[in-house]
Amino acid sequence: MSVRVRYAPSPTGLQHIGGVRTALFNYLFARSQGGSFILRIEDTDQERYSEEALQDLYDTLNWFGITWDEGPLVGGDLGPYVQSQRLELYKGYAEELVRKGLAYYCYCTTERLEQVRAQQDKTKSSFKGYDRRCRDLDAPPEDGAAQPVVRLKVPIEGKTSFTDLLMGTITRKNSDVNPDPVLLKSDGYPTYHLANVVDDHLMGITHIMRAQEWIPSGPLHVLLYEAFGWDPPLYCHLPMVMGKDGQKLSKRHGSTAVRDFRTKGYLSEAMINYISLLGWSYDDQREFFTLQELKELFTLEKLNKAPGVFDYKKLEWFNGQYIRKCSDAQLTELLLPFLEEQQVVDNPVTQEQFDILASALPLIKQRLHLLQDVGEMTRFLFQEIPVPPADQLIPKKHTAKDASRVLKRSLELLEDMDQYSVEQLEELFKAESESMGVKLGAMLMPLRVAVTGSRISPPLFESLKLLGLKRTLSRIEAAVRLLDTIEE
RNA sequence: GUCUCCUUCGUCUAGUGGUUAGGACACCGGGUUUUCAUCCCGGCAACAGGGGUUCGACUCCCCUAGGAGAUGCCA
């Protein structure tokens, strides 16, 4: 039987690292097995539903290049793939269980449920959860809620086990299973438990790969399959993604929404690569993988059991690596939106600006870690800069006079810079610094700051060339004027 | 509280009874260099603890400890 797996997110928030990792692993498993990857929208929470979240889901998967064989937008034979469009179905199955005596209507109000919970907390009761008041009712109580919910009759005795490909067999006493969880909510929507079991069965899902936080409800789901008389699929609970403090990764730890990483200038290839290594490995050497390679190499056997800490630093390192792997043309395309967004260049970019960027690319490529850094790094090439403060222009252990002196000399040397190569300019300044009796650095730093506005910049002479004679000289002159106003 | 799962350098991990316990990130040195970055070289650093099993345990079993997750008309 061919493998069928699914990613079934709930559109209640932006796609985050953990969710995407689950999607990726499902996708990779399907592809490596020649199976199908199904996308299903679990929009059964009316309260938290968000249109934006749904759009973000599509955007994110598209950005990563994760395609689905069946699901919203692409269709499929076993749809609809949006749970809010399958309400009648769940209702029917819930009623079937009630008829069979395996589920029951519960008329308890939220208020009562809260009271029960509060009481259990107060008395430190070892029994947590619903007290099963409505389990054996003959008729609806007088003071019951208008709209009942349907609850599963979890057996009091016995135990339930399921097979997890990663964890082995997991067994739980039925008395430890969530006592009679709600299957059908009073608003007519199913809960996750019901919807997921019904849909996975109807959609022919063979393997359920989801995060380990779901392990505790595994037995419950198996109980549901049994109630329906269905065979449960195989389970594979993926290790969780944690933050630095070892807790489940959340906003507290930094960005978790894929969209945030995208706007900061992470490459999808870098993220795929890094995320694929969170809980999975290939061997003890290789750590670079394209999506295409992953689709062939992924195996369940190499999954790790232990939760993994999301390492922002290593992701950033991967990003730098991938930026350097880009061709200049690719990188230009990637960078342009950032420059436009940051108003470093016009929007749309002019031909002249495009050419400058193209020429600057080799200079900035190995300096970029995040695409968004490009603005700060290249702004001086596209726009006029304010005259840098004097203390920036003056090298350590030097005076304003010193700085002015070397800049004036630089001015003379650069008059003919268009006739020299970068190498020749280097030689020129090297020789000059010697004859002036200053260190090369003390000569070039004022120049760098005067022209680029910063002590940190792309290589100096290349930058001057890009900037052009006129702007180079005028920036130096402005710096000199400033320095000459300073009293020693 | 109860239940379940997890445990190799700070982090991600390789390892399936016999290894100087390997790699990567981070960090710290050094080199290249006009700044920054890249790159190169080197270093630091781990089998949670205790019992077994065995000629021999990081590898198998048990216990303890620690961590995490679940315990909702959220998924």
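Model, not experiment: these values are computed from the prediction. Keep in mind that the numbers below use all heavy atoms, side chains included, and drop hydrogens, waters and symmetry copies. Below, chains carry the letters A, B, ... as their sequence lines are ordered, and counting in each starts from 1.
The residue G441(A) sits apart from the nucleic acid: no heavy atom pair falls under 4.0 Å. S281(A) comes within 4.0 angstrom of sugar-phosphate atoms only, judged by non-hydrogen atoms across all strands, and of no base. Backbone-only engagement by N304(A) is indicated by non-hydrogen atom pairs under 4.0 Å involving sugar-phosphate atoms exclusively. Heavy atoms of G218(A) sit nowhere under 4.0 angstrom from any nucleic acid atom. Residue contacts shown for P239(A) are absent, as no nucleic acid heavy atom lies under 4.0 Å away. When heavy atoms are screened at a 4.0 angstrom cut-off, H237(A) is found touching no nucleic acid atom at all. Residue-level contact check: Q392(A) touches neither bases nor backbone, having no heavy atom under 4.0 Å from any strand.
Here A14(B) is the nucleotide among U34(B), U35(B), A14(B) with the atom lying nearest to any side-chain atom of K302(A).
In terms of the ring pair (Phe, Tyr, Trp, His ring centres under 6.0 Å) criterion, F127(A) has no residue partners (sequence neighbours excluded). For K408(A), the side chain to side chain contact (heavy atoms under 4.5 Å, CB included) partners two or more places apart in sequence, or in a different chain, are S404(A), V480(A), D484(A). Under the rule for a ring pair (Phe, Tyr, Trp, His ring centres under 6.0 Å), the partners of Y192(A) that lie at least two apart in sequence or sit in another chain are W214(A), H221(A). Residues meeting the ring pair (Phe, Tyr, Trp, His ring centres under 6.0 Å) test with Y90(A), sequence neighbours left out: none. For H201(A), the ring pair (Phe, Tyr, Trp, His ring centres under 6.0 Å) partners are W230(A), not counting sequence neighbours.
Pair check for U19(B) finds none; no Watson-Crick or G-U wobble contact set falls under 3.5 Å. With a 3.5 Å ceiling on both atom-pair distances, the Watson-Crick or G-U wobble partner of G66(B) is C6(B). Shown here, G72(B) forms no base pair; nothing in the strands shown gives a Watson-Crick or G-U wobble contact with both key distances under 3.5 Å. Using N1 to N3 plus N6-O4 or O6-N4 for Watson-Crick, or N1-O2 and O6-N3 for G-U wobble, each under 3.5 Å, A14(B) pairs with nothing. The base-pairing partner of A37(B), taking Watson-Crick or G-U wobble contacts with both distances under 3.5 Å, does not exist among the strands shown. With a cut-off of 3.5 Å on both Watson-Crick or G-U wobble distances, the partner of C44(B) is given as none.
In terms of position along RNA chain B, the nucleotide closest to K305(A) lies nearer the 5' end than the nucleotide closest to the other residue of the pair K305(A) and R455(A). Between Q366(A) and V309(A), the residue anchored closer to the 5' end of RNA chain B is V309(A), taking for each the nucleotide with the nearest heavy atom.
The CD-P distance, from E301(A) to G15(B), rounds to 12 Å in whole Å. One can place CG of D121(A) at 10 Å from C1' of G1(B), the figure rounded to the nearest angstrom. For N174(A) and U4(B), the CG to P distance is 13 Å, given to the nearest whole Å. Protein atom CG of L464(A) is 15 Å distant from nucleotide atom P of U35(B), rounded to whole Å. Whole-Å rounding puts the Q119(A) CD to G1(B) C1' distance at 15 Å. Spacing between atom CG of L440(A) and atom C1' of U34(B) amounts to 5 Å, rounded to whole angstrom units.
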Exercise for the section: Between protein and nucleotides 69-75 of chain B, map the contacts as a letter string: B base, S sugar-phosphate only, - none, heavy atoms under 4.0 Å, written 5' to 3'. Expected result: SSSSBBB
Practice task
Sugar-phosphate atoms are those with a prime plus P, OP1 and OP2; base atoms are the rest. Using that split, label each nucleotide of nucleotides 26-33 of chain B B, S or - for protein heavy atoms under 4.0 Å, 5' to 3'.
Solution key: --------
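Here OH of Y7(A) is found 6.5 Å from CG of L57(A). Values are rounded to the nearest 0.5 Å. Once rounded to the nearest 0.5 Å, the distance linking CZ of R259(A) with NE2 of H16(A) reads 14.0 Å. With values rounded to the nearest 0.5 angstrom, N196(A) atom CG is found 8.5 Å from L224(A) atom CG.
Note: F288(A) and F318(A) have perpendicular aromatic rings, judged against thresholds of 30 and 60 degrees for the angle between ring planes. Between Y104(A) and Y130(A), the ring planes lie parallel to each other; the angle is under 30°, not in the 30° to 60° tilted range.
Residue pairs that meet the side chain to side chain donor-acceptor pair (under 3.5 Å) test with at least one member in residues 147-157 of chain A, sequence neighbours left out, do not exist here. Note on residues 232-250 of chain A: pairs passing salt bridge (charged side-chain N to carboxylate O under 4.0 Å, His left out), not counting sequence neighbours, are E213(A)-K248(A), D245(A)-R252(A). Residue pairs meeting the salt bridge (charged side-chain N to carboxylate O under 4.0 Å, His left out) criterion with at least one partner in residues 302-317 of chain A, sequence neighbours excluded, are E287(A)-K314(A).
For the P atoms, the distance from U59(B) to G50(B) is 12 Å, rounded to whole Å. Using atom C1' as the reference point in both G69(B) and C73(B), the two lie 22 Å apart (nearest Å). Comparing the P positions of C6(B) and G10(B) gives an interatomic distance of 22 Å, to the nearest angstrom. Taking the P atoms as reference points, U7(B) lies 28 Å from C44(B), given to the whole Å. When the C1' atom is used for both A14(B) and U19(B), the distance is 12 Å, rounded to whole Å. U11(B) and U4(B) are spaced 27 Å apart, taking the P atom of each and rounding to whole Å.
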Atom pairs under 3.5 Å, N or O on each side, protein against nucleotides 19-22 of chain B: can you list them with distances?
none

Show which side-chain atoms of residues 445-458 of chain A pair as donor or acceptor with protein atoms under 3.5 Å away, not counting sequence neighbours.
unit_1, atom_1, unit_2, atom_2, d
R448(A), NH1, S457(A), OG, 2.8
R448(A), NH1, P458(A), O, 3.4
T452(A), OG1, R448(A), O, 2.7
T452(A), OG1, S454(A), N, 3.2
T452(A), OG1, S454(A), O, 3.0
S454(A), OG, I456(A), N, 2.9
S454(A), OG, I456(A), O, 3.0
R455(A), NH1, Q392(A), O, 3.0

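Applying the 4.0 Å criterion to OP1 and OP2 of A14(B), one finds that R286(A) has every side-chain N and O outside that range.
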